[in-house]
Each structure stands twice: as C-alpha cells, then as structure tokens.
Amino acid sequence: MNSLVRRTHQLHQLWRTYCSAPASAASRTAGRPSYEEFIGQHQQQAQRSIVVQVSSEKSYAELYNYCSRFGSILGAHHYCVRQDEALHYVLLEYATAGEAAAAIDAGVTNGDLSGVPVRSPFLWFRAAAAAGARRGPKLASQPAPTALLSIDGNRPAEQEHLLIVLRGARDIEEQVQLLHQHSRLNELGVRLRFLAALQVQQAISGMFPAAQALPFGSSVNGFGKMGCDLDLILRFDNDTGGGGGGHQEPSRLVYHTKENLSNGRSQTQRHMECFGDMLHLFLPGVCHVRRILQARVPIIKYHHEHLDLEIDLSMSNLTGYYMSELLYMFGELDVRVRPLTFSIRRWAQACGLTNPSPGRWISNFSLTCLVMFFLQQLRQPILPTISALAKAAEPSDMRITEDGINCSFGRDLERLGFRSRNQSSLSELLLQFFEFYSQFDFHNRAISLNEGRALAKPDHSAMYIVNPLEQLLNVSKNVSLEECERLRIEVRNAAWVLESEVESASLSPEAGEGHGSHNERLEMSWGLLNLFKQPEKAVIRPNMFFKPRMVEVSDLFEQKEASSSSSATVPTASLSPSSAEPPITYKSASVRQQVQSIKAATRSELKQLRGSANGSSAAPGNSPKNRRSSR
Ligand code: GTP
Ligand code: MG
C-alpha cells in the first residue's frame, strides 16, 4: 500500500513537472512560459537533480534503489560521454531540492584518488562494499524504478539518420520541420546545461551568497542545436533587474564589503582570472580552461568532461542575456521562426559561411539577426520590431544594466497582441529569405531590428547590423568584405537551387511527385538536402589577395548586377531568384527545370574544379576547403 501511495505521489509530481505550467505563466502567455519563468523553472529543476556516473545503464536499477533513500525520484535520464570508450551517466531528479542536497551531502571522497574534496552535483556510483561491510539504512520496501526517460539521451542525431529522415519527408515544408525536430537541443541537453551553471554557482555560494550563474545564448533561447556551447553569465548581486523579492522589508543588517580600487573593466578581468584558477584547480569535470580577458566581453572558456560541453563564462554581459530573451520571445511568437532559422543556419554551415570559431565570417548570432530582420520587414510581418516591443514595456519590464543600458521591452506576449496575418509556408519563406538577401544593398544599408527596416549605413563596415540593445554598436563588425560578398553569392545560389526544387515538387498536383515516387525519393537528394549538398567545409577562408583565374559561374550565367539595387524595395512575393537573371520565360515548367538542372550541375562541376585547383593553397593546420573568390 505504501509503495502505491508513493508511486501515486511520484506520478503526480511527474505530471506537475512535465505537463503543467505555473499559474503565473499561464496567465501571462497562454500556457507558454516567459523567458524568466523558463529560466527559473530550469534552475529549480537543476537544484532537484544530481548526475551520477555509473558503469552502464544497467546499473540504473541499483542506483535507483540506493538513491531512493534520500527522497522520491521523479525521473531519470541516461546519457553517455564518448572518449576512447563511452562513459555512462544518469541524471536523477528528486521531488525537492532538499532531497537532492541530502544525496549530495551523503557523498564521500575517494581516499584512493588525490584531489581536494569538492561538493558538487556530479557524483560517482562505486561498487557495493564487500559482504559483511556496514550497509546503509535498509529500506522498508525496495521501490520499483521508474523507467529511464531516455537512454543515451544526449547523442546528436547521426548525419546518416538525418539524411534518411529528410529523404523520407513528404515535401520541403516537412523537411524544414523535421530538420528542426531532429537537431534542436533536447530537454536533457537543457537540463545538463543548467546543472553546469548550478555547479559553478554552488561552488562559490559560501562566499558569495547572492551569486547566480545564468545560462543564456542558444542553450536557452530555443535556437540551439544538440551539442551547442553553453554561454554562462556569473552575477554576484543576484540582480538581473527583474525586481524579484521587492516586497520584503529591506534588512537593516548590511554585509561589509571590500572596496574595489581599480576601474570596472580591469577589476572584472582580475576577478575572472581568479575564477579561472578556481575552476581549473578545484571544480570536478572542468578542464582546458582558457582565459580570454582582452576581448570586448572578457570570457573564460572551459570544457566540462562529465557533460562533454564547451562553456563560455562571462561576468559583464547582461545585454547578451537580454538579447537571448528577445530571441526567445521571437521564437515563441510564431511557430515558423525556429524551424526556418535552423534550416538557414544549417545551410550556412554546409556552405562554409559560418564556423564554430570566431573570425571574419558571419556568426550564428548575426545570421539569426538577418533571419529576424527578414521576418520583420515582410509586407505582412511575422515578427514585430524591437521598438514596438520597447513601447509595450510596463514598469515591471524595466531592466537597466549596470552600465546603464536600457533593456526594457514588453515581455508579456499576450498583452503585446501581435498577430501575424502572413500565411506563407516555410518553403516559401526560405526562398524569400534567399531572394531578399541576394538583393540586399549591404554596401549602403544597415539592418535595424529596432526599426524593422534598412537604414543608411553609419560607417564602412562590410555588413552592418545595428546592435538591438546598444544601438551605437555593429553586431557584424567582424565580417570582412570578402565574407559579405560570399554571403551574397551563396544566397543567390541557394535561391536558384531552392526555386528549382520548389518547382520540381509542384510539377504534379501530388506534392513531391516531381521528385519521383516515394521510394525513388528515399534514394536521392532532393529539396532541402540539395541546399546542404556541399560537404561541410573546414576552416579556411578566402585569402584577400588571391584572385583565382578560374571562370566564375556567375560570369557564365548571370548578367552583372545592376548597381542601383536598393534594400528598401523587397520583392517578397516574387519567385525570381535575382533581378540579374536573364529575362527568359519558359512555357513548359519541365523545360525550365531541365535548363536549371543543367545550370546547377555545371555550377557544381565548376565548383569542384575550382576546389581542386585551390586545394593546394590550404593554410597549414587546416583542411583544404573549396572557396569562392569575390568579384
Ligand atoms: P551558438 O553559440 O553559435 O549556438 O549561438 P549563440 O546564439 O549562443 O551565439 P553566441 O554564443 O555567439 O552568443 C551568445 C548570446 O550572446 C547570443 O544568443 C546573444 O543573445 C548574445 N550576443 C552575442 N553577440 C552579441 C552582440 O553583439 N550584442 C548583443 N547585445 N548580444 C550578443
Ligand atoms: Mg552560444
């Protein structure tokens, strides 16, 4: 009977955890948690959780039985970290933070291993003591373990698997959706990232009781893919400006503090140096600590070996945190935003426009801004402007960072009342995105998400995206002229490929028939896959002074672009890939498609030729990569 009551309690807790949103969330955004609620819920969940290394998932039943003595286990996930061999871990979630704390407090140090003992949510389940040794308290009855909620749950989808899934889709629309579903960061990935944050926070909480380590960036804004890095901001004042807990009477007992003598930036750098040492010397799992303290936003980078995760820790980047909130809200406003962005990010990665390391190329964040801007400037906008969000700010939305940067904007999506009347499908939007940027006047115009329209460019940067929260800064200042030009060439190519794919799909009234029967499509690359066709390229960027003498495809097929292209006129409805396309009209769609296929095949052959010609110019230490020159 007891175990039945216990099980019912567990199921109720599970239901509360996974199926219901808090009342405040429901009232604010019709069931969808706001960013702060999302962060808060996951922080609490992390406090109820521990991660235990086991010898394999088969140890789970034993672990469950052992750990049930500390409290009621709501759920468990298994994941692996692959080094030379797979290391196995189980994340256990208790019903309360106190129960998780009891489990952690019961941890002991292993006398055989050197190292300073540190309390942390990362533990190790050692083999049971030999027979006759003292055992822990005996449980009244051994609870039956709830099944593992995931096995190897942190593993990104294999490329081969993704290929099969995308080939099996009904149409391009479904391919975009499937790509998003199969590559986005899953719930376990989010939980593990919050545990990494909690570990840092707990490590310093004795000395800094108000310290908070907050995840931001793609780990929490809904645009992250499996395996994405974790961006963390460490705050000592527990103040992200939300004004939480303001109802209590302020205490009259005030902590003494040490006066800071140096200026803000050098003080932050000094603190970070010190934290870098602390992480490096004491925190379990933390390795490869690198300090990048001269950057505009100083960061400490490290790897977490129990999570197989790269982490960027900063202390002075609250605008980055609020920027993630804006992106989160954009993703919540319309269900098309995230799948579309995933396809575009994937395409950019496949054609070598983006790269995990920073450089003269466009970052994922800037690329995401391009997508958001595109969705704002449509004749029927899918997203509101940031100015509109700022105008909707209420007193409770006021957020001013310590540097005085105003990050106030309306945070209640329901009250905002923005409803898009745009009915375009994902494949239409994707094509429109490529067409829009193939004609965008990057030379003269800046992109403003605040205004939702292009502005005159204030300086000579190759690409100018007004930083939405610090409007005097350019988010894409790092992008070189060559990379900007390459982007324009690649979006034009993509528009071309996608247009013929869309046409091919519409040859027969039955969606997808233009690409052959279902079985044929399972064997071939079609639709979105043809956008990702190039093998993912390694890091090597166009040499500014190298002008290959190979013929450019654009020279063969396209007229020189009219110099008067203006960003203000946006052909959102047009399906023509570029205004520079020769004015040929085809009576038969199949003839048109054949011509386009020949063009595409020739282009790809030329690209390969050019690639093998350029292969010898690869930088030492990097794999060769095909490259395009700017004209
Ligand atoms: P990936 O790490 O590539 O998956 O994407 P990401 O969105 O996490 O980008 P990144 O790690 O480069 O940056 C983390 C977050 O910092 C972004 O999501 C933004 O919220 C914010 N951010 C990055 N660059 C800027 C910037 O120039 N200005 C502002 N205000 N925020 C930025
Ligand atoms: Mg990131």
Side-chain angles (χ1 to χ4, degrees), residues 35 38-39 156 180 183-186 189-190 193 196-197 214-234 240-241 292 295-304 307 309-331 337-338 341-342 344-349 353-359 361-373 386 389-390 399-409 446-450 461 463-479 539:
Y35 181 69
F38 174 86
I39 299 274
H180 176 230
S183 51
R184 72 178 165 203
L185 184 64
N186 67 10
V190 176
R193 281 160 177 75
L214 290 165
F216 69 104
S218 58
S219 297
V220 295
N221 65 18
F223 292 90
K225 59 177 190 176
M226 289 296 285
C228 68
D229 297 356
L230 168 64
D231 300 289
L232 261 189
I233 176 165
L234 186 57
T240 45
I292 302 167
R296 184 174 79 83
V297 178
I299 54 169
I300 298 172
K301 281 175 136 2
Y302 62 93
H303 184 80
H304 202 297
L307 300 168
L309 184 62
E310 275 298 307
I311 301 177
D312 284 359
L313 177 77
S314 62
M315 287 191 191
S316 54
N317 191 19
L318 214 44
T319 56
Y321 176 77
Y322 290 125
M323 191 59 226
S324 300
E325 181 168 20
L326 277 171
L327 290 183
Y328 175 89
M329 287 171 62
F330 281 157
V337 174
R338 286 179 179 138
T341 310
F342 265 69
I344 291 166
R345 279 192 178 202
R346 178 72 182 211
W347 155 81
Q349 180 192 4
L353 283 171
T354 52
N355 194 286
S357 57
W361 37 94
I362 189 166
S363 66
N364 264 336
F365 173 63
S366 295
L367 185 65
T368 307
C369 289
L370 292 188
V371 184
M372 300 304 123
F373 177 72
I386 294 179
L389 293 178
R399 306 284 188 279
I400 312 281
T401 69
E402 71 234 297
D403 325 329
I405 299 161
N406 189 349
C407 301
S408 309
F409 43 85
I447 283 165
S448 165
L449 279 82
N450 302 73
S461 311
M463 182 185 287
Y464 202 111
I465 303 174
V466 178
N467 189 323
L469 296 174
E470 293 164 273
Q471 292 182 45
L472 293 177
L473 301 180
N474 173 10
V475 165
S476 53
K477 194 173 162 52
N478 62 310
V479 177
V539 192

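Counting starts at 1 for both ligands and their atoms, following the listed order.
By the side chain to side chain contact (heavy atoms under 4.5 Å, CB included) test, Asp229 pairs with Glu310, sequence neighbours left out. Shown here are the side chain to side chain contact (heavy atoms under 4.5 Å, CB included) partners of Asn186, two or more places apart in sequence or in another chain: Leu188, Met226. Shown here are the ring pair (Phe, Tyr, Trp, His ring centres under 6.0 Å) partners of Phe342, two or more places apart in sequence or in another chain: His180.
Here Tyr321 has no heavy atoms under 4.0 Å from ligand 1, in either its backbone or its side chain.
Less than 4.0 angstrom separates some heavy atom of Ser324 from each of these atoms of ligand 1: 18 (O), 20 (O). Near Asn467, meaning under 4.0 Å from one of its heavy atoms, ligand 1 places the atoms 26 (C), 27 (O), 28 (N), 29 (C), 30 (N). Counting atoms of ligand 1 from 1 in the listed order, those under 4.0 Å from a heavy atom of Asn221 are 18 (O). Those atoms of ligand 1 that come under 4.0 Å of a heavy atom in Asn364, given as number and element, are 3 (O).
Taking all heavy atoms of Ser218, Cys407, Gly224 into account, the minimum distance to atom 7 (O) of ligand 1 is reached by Ser218.
Of the N or O atoms in Gly217, none lie within a sub-3.5 Å distance of an N or O in ligand 1.
Given atom 16 (O) of ligand 1, the protein heavy atom at minimum distance is Phe216 CE1, 3.4 Å. Among all non-hydrogen protein atoms, the one lying nearest atom 12 (O) of ligand 1 is Phe365 CB, 4.5 Å.
Taking every heavy atom of both residues into account, Phe330 and Val337 meet most closely at O-CG2, 3.6 Å. Nearest heavy-atom pair across Ser218 and Asp231 is N-OD2, 4.2 Å. Contact between Pro468 and Asn450 at its shortest, heavy atoms only, is O-ND2, 2.9 Å.
A 4.5 Å side-chain heavy-atom check between Ile447 and Met463 finds every atom pair outside the cut-off. Between Lys477 and Arg296, the closest side-chain pair of non-hydrogen atoms is not below 4.5 Å.
Remark: the backbone N or O of Ile405 is not paired with any side-chain donor or acceptor of Asp403 at under 3.5 angstrom. The closest donor-acceptor contact from the side chain of Arg193 to the backbone of Cys228 lies under 3.5 Å.
Within a radius of less than 2.8 Å around the Mg ion (ligand 2), the protein N, O or S atoms are Asp231 OD2.
The ring of Tyr35 has its center no closer than 6.0 angstrom to the ring center of Phe216.
In this structure, Glu310 does not count as a contact residue of ligand 1, since none of its heavy atoms falls inside 4.0 Å of the ligand. Ligand 1 lies within reach of Asp231, whose nearest heavy atom is under 4.0 Å from it.
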